[in-house]
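Single-structure report; data block below.
The structure presented is a predicted model; accordingly, all values stated were derived computationally and were not measured. Just follow the structure's listing: the first ligand is 1, and inside any ligand the first atom is 1.
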Amino acid sequence: MTHCVLKRVYIHQLLRFLTKQEEIMFSRGVFVALSFMVTFLRTVSSCDYNCTYRPYFIPSRLVVKHGDSTSAACHLCSSCQDNKFMLEFPAGEDSRNGTVISWTSPKMTEWGRSVLCHYSITATDKMCCSELPVTVYKPPDSVSIGFANHSGQLYEARQYTLQCKVHNVGPVRYVKVTFYRGSTVLERLPAKNSVNEARENVTYTLNVNASKEDDGVQYRCEAKLELGSEGPQKPPMMTSQTITATVHYKPQRQDPTPPDQITVTQGDTLQMNCTAEGNPHPSYSWRFLPASLPLSNNSVLTIKSAAFAHQGNYTCSVSNGVGTLDVNFNVVVKANIIPYIAIATAVVLVVIVGGVVHWYRHSRRGQYNLRDVFHLNKPHIAVPTAE
Ligand SMILES: *[C@@H]1O[C@H](CO)[C@@H](O)[C@H](O)[C@H]1NC(C)=O
Ligand SMILES: *[C@@H]1O[C@H](CO)[C@@H](O)[C@H](O)[C@H]1NC(C)=O
Ligand SMILES: *[C@@H]1O[C@H](CO)[C@@H](O)[C@H](O)[C@H]1NC(C)=O
Ligand SMILES: *[C@@H]1O[C@H](CO)[C@@H](O)[C@H](O)[C@H]1NC(C)=O
Ligand SMILES: *[C@@H]1O[C@H](CO)[C@@H](O)[C@H](O)[C@H]1NC(C)=O
Ligand SMILES: *[C@@H]1O[C@H](CO)[C@@H](O)[C@H](O)[C@H]1NC(C)=O
Ligand SMILES: *[C@@H]1O[C@H](CO)[C@@H](O)[C@H](O)[C@H]1NC(C)=O
Ligand SMILES: *[C@@H]1O[C@H](CO)[C@@H](O)[C@H](O)[C@H]1NC(C)=O
């Protein structure tokens, strides 16, 4: 770190020196080289960042949007001697007022630069130095989402890579990308560990496994520049367009598998439901063994009145170009015993009725006899009642 800063000091000084000396540089090449060497050696050997009374910056960190104006001030401690107190800065102007040197840049366009403030420590060849880090940032020009190396529909159970492209953003180490599936967060990616200070085009990726639940789902991504407390109150943020996934999947049945055997009573309605889900919508075809009957192309096969001829194995083939699903129904038709019960009941009834009639006739004859008996005895019965 210190080494870096020292190099920077050296570069700043060289640049400023060269700019000032531009016209006479060639005629005084040797002098330039010597001066430069002297400056370099002096700076490298003497900048002390751990000195007791360091100059300090207000603010202590600068975060500025690329192209914006910015300013800071370096303060010398009140007891410190104003000995070669000066500022080194990437661009702009400095102005001095007592123990304060202010720096302003009307348009900050340099990436990863810092401002250096120092003074000479009396009676030594050392300088007491402070550095102001300046973070120049650039919100993205655009953010776009798509599938990497893929266009068109997705297929279930395959893996795809979502790609979020962030254009012209920097520095990348402050960029955080979030992938969304509908309105829920799919993944928050940590910032990339990049040392590049300047703007870049960056791509963030996320692997996803397509499932049928993803059919019709919208994906988007969002890039946010999180620059810390010195950064803007509302972190710059940009959202991509949305893409809608189309997931193709082979037919599958929703409900638990149907009973492989269906028992139906002769004359009843036989219904086999083969309805399946798939994308694209599946088509149905029914096969029947042993007999070959003209069957429908519907998902539900209905036979109004089941007969013994309908007994057998039915296969429903559901297909949609992605795959085919065969569903088997083994139909058993059992005899309708209600007519037999009816006949048996009728027979029983006939027998009963016959018996009753026979008994009635027989009883009627008996009744006459009884009546005769009652008739004869009636007065006799009445007599005890009167008594
Ligand atoms: C400055 O002081 C810090 C501790 O305060 C120390 O870690 C660092 O090494 C010192 N740097 C130099 C150049 O002496
Ligand atoms: C210098 O700073 C003092 C206060 O510290 C202020 O009163 C004065 O106006 C400043 N001078 C200039 C030229 O800015
Ligand atoms: C896309 O394809 C290119 C070349 O065909 C390959 O270099 C790249 O790694 C692929 N990207 C992904 C995310 O698979
Ligand atoms: C980013 O990509 C655009 C084109 O898509 C290009 O014009 C621009 O120079 C790129 N920026 C960087 C920093 O590479
Ligand atoms: C996708 O499925 C594969 C196995 O089929 C698994 O290894 C991988 O972790 C899955 N990826 C995601 C993002 O779920
Ligand atoms: C067939 O089954 C599906 C579900 O698998 C159901 O939605 C549909 O109503 C059923 N149709 C009939 C006629 O029972
Ligand atoms: C079922 O569809 C096929 C073609 O998909 C057609 O040839 C056949 O006639 C259709 N059957 C019925 C009963 O509609
Ligand atoms: C129907 O299939 C079952 C086995 O799934 C088999 O035992 C039976 O014999 C088949 N019936 C006919 C009529 O093919």
Side-chain angles (χ1 to χ4, degrees), residues 55-59 65-67 71-80 82 85-87 92-106 108-113 117 135-150 153-175 177-182 184-192 194-215 217-221 223 225 236 238 240-241 243 245 247-250 252 322-323:
Y56 59 94
F57 281 101
I58 293 177
K65 188 172 159 186
H66 185 262
S71 65
C74 180
H75 296 248
L76 190 67
C77 76
S78 49
S79 65
C80 297
D82 172 13
F85 177 41
M86 65 178 292
L87 263 191
E93 287 181 348
D94 57 351
S95 68
R96 181 140 182 197
N97 183 358
T99 56
V100 180
I101 306 178
S102 303
W103 165 69
T104 57
S105 174
M108 193 64 197
T109 53
E110 288 171 90
W111 305 92
R113 302 299 293 267
C117 184
T135 304
V136 174
Y137 71 90
K138 161 82 183 58
D141 284 343
S142 68
V143 177
S144 64
I145 193 170
F147 284 101
N149 295 338
H150 181 85
Q153 75 271 16
L154 313 177
Y155 290 94
E156 189 183 29
R158 288 193 205 166
Q159 187 175 288
Y160 298 90
T161 303
L162 272 173
Q163 222 173 34
C164 186
K165 288 184 176 168
V166 186
H167 281 268
N168 245 343
V169 70
V172 164
R173 67 172 176 282
Y174 298 112
V175 179
V177 163
T178 306
F179 283 92
Y180 289 88
R181 180 190 184 275
T184 61
V185 171
L186 195 56
E187 188 86 25
R188 279 185 213 281
L189 298 181
K192 287 196 180 189
S194 168
V195 290
N196 187 6
E197 295 282 345
R199 59 186 153 191
E200 288 177 75
N201 291 333
V202 250
T203 301
Y204 298 83
T205 59
L206 180 68
N207 288 339
V208 289
N209 286 345
S211 74
K212 71 184 179 94
E213 287 77 23
D214 297 329
D215 189 38
V217 157
Q218 289 190 320
Y219 292 99
R220 71 192 152 92
C221 66
L225 267 166
M238 197 171 199
S240 71
Q241 88 284 18
I243 52 166
V247 181
H248 279 191
Y249 55 98
K250 66 178 187 187
Q252 42 197 260
V322 183

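Taken to the nearest 0.5 Å, the CG atom of L76 stands 4.5 Å off from the CZ atom of F85. In this structure, CH2 in W111 is found 5.5 Å from CZ in R199, a value given to the nearest 0.5 Å.
Taking all atoms of both residues into account, the shortest heavy-atom contact from K192 to V172 is CB-CG1, 3.8 Å. Shortest non-hydrogen contact noted between G92 and P106 is CA-CD, 4.3 Å. In this structure, C221 and I145 approach most closely via the heavy-atom pair N-CD1, 3.8 Å.
On a distance-only criterion, N209 and ligand 5 share at least one N/O pair closer than 3.5 Å.
Only one option out of N209, V208, D214 pairs with S211 in a side chain to side chain contact (heavy atoms under 4.5 Å, CB included); it is D214.
Atoms of ligand 5 lying under 4.0 Å from any heavy atom of N207, numbered from 1 in the order shown and given with element: 13 (C). The contact set between ligand 5 and Q159, taken as ligand atoms under 4.0 Å from a residue heavy atom, comprises 1 (C), 11 (N).
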Once you restrict both partners to nitrogen or oxygen, which atoms of ligand 4 have a protein partner under 3.5 Å, and how far apart are they?
| residue | atom | partner | partner atom | Å |
| --- | --- | --- | --- | --- |
| ligand 4 | 2 (O) | N201 | ND2 | 2.2 |
| ligand 4 | 11 (N) | N201 | ND2 | 2.9 |
| ligand 4 | 14 (O) | N201 | ND2 | 3.4 |

Apply side-chain contact (heavy atoms from CB on, under 4.5 Å) to residues D94 and R96 and explain how you reach the verdict. CA-CA 7 Å; D94 57 351; R96 181 140 182 197; over 6 Å; no
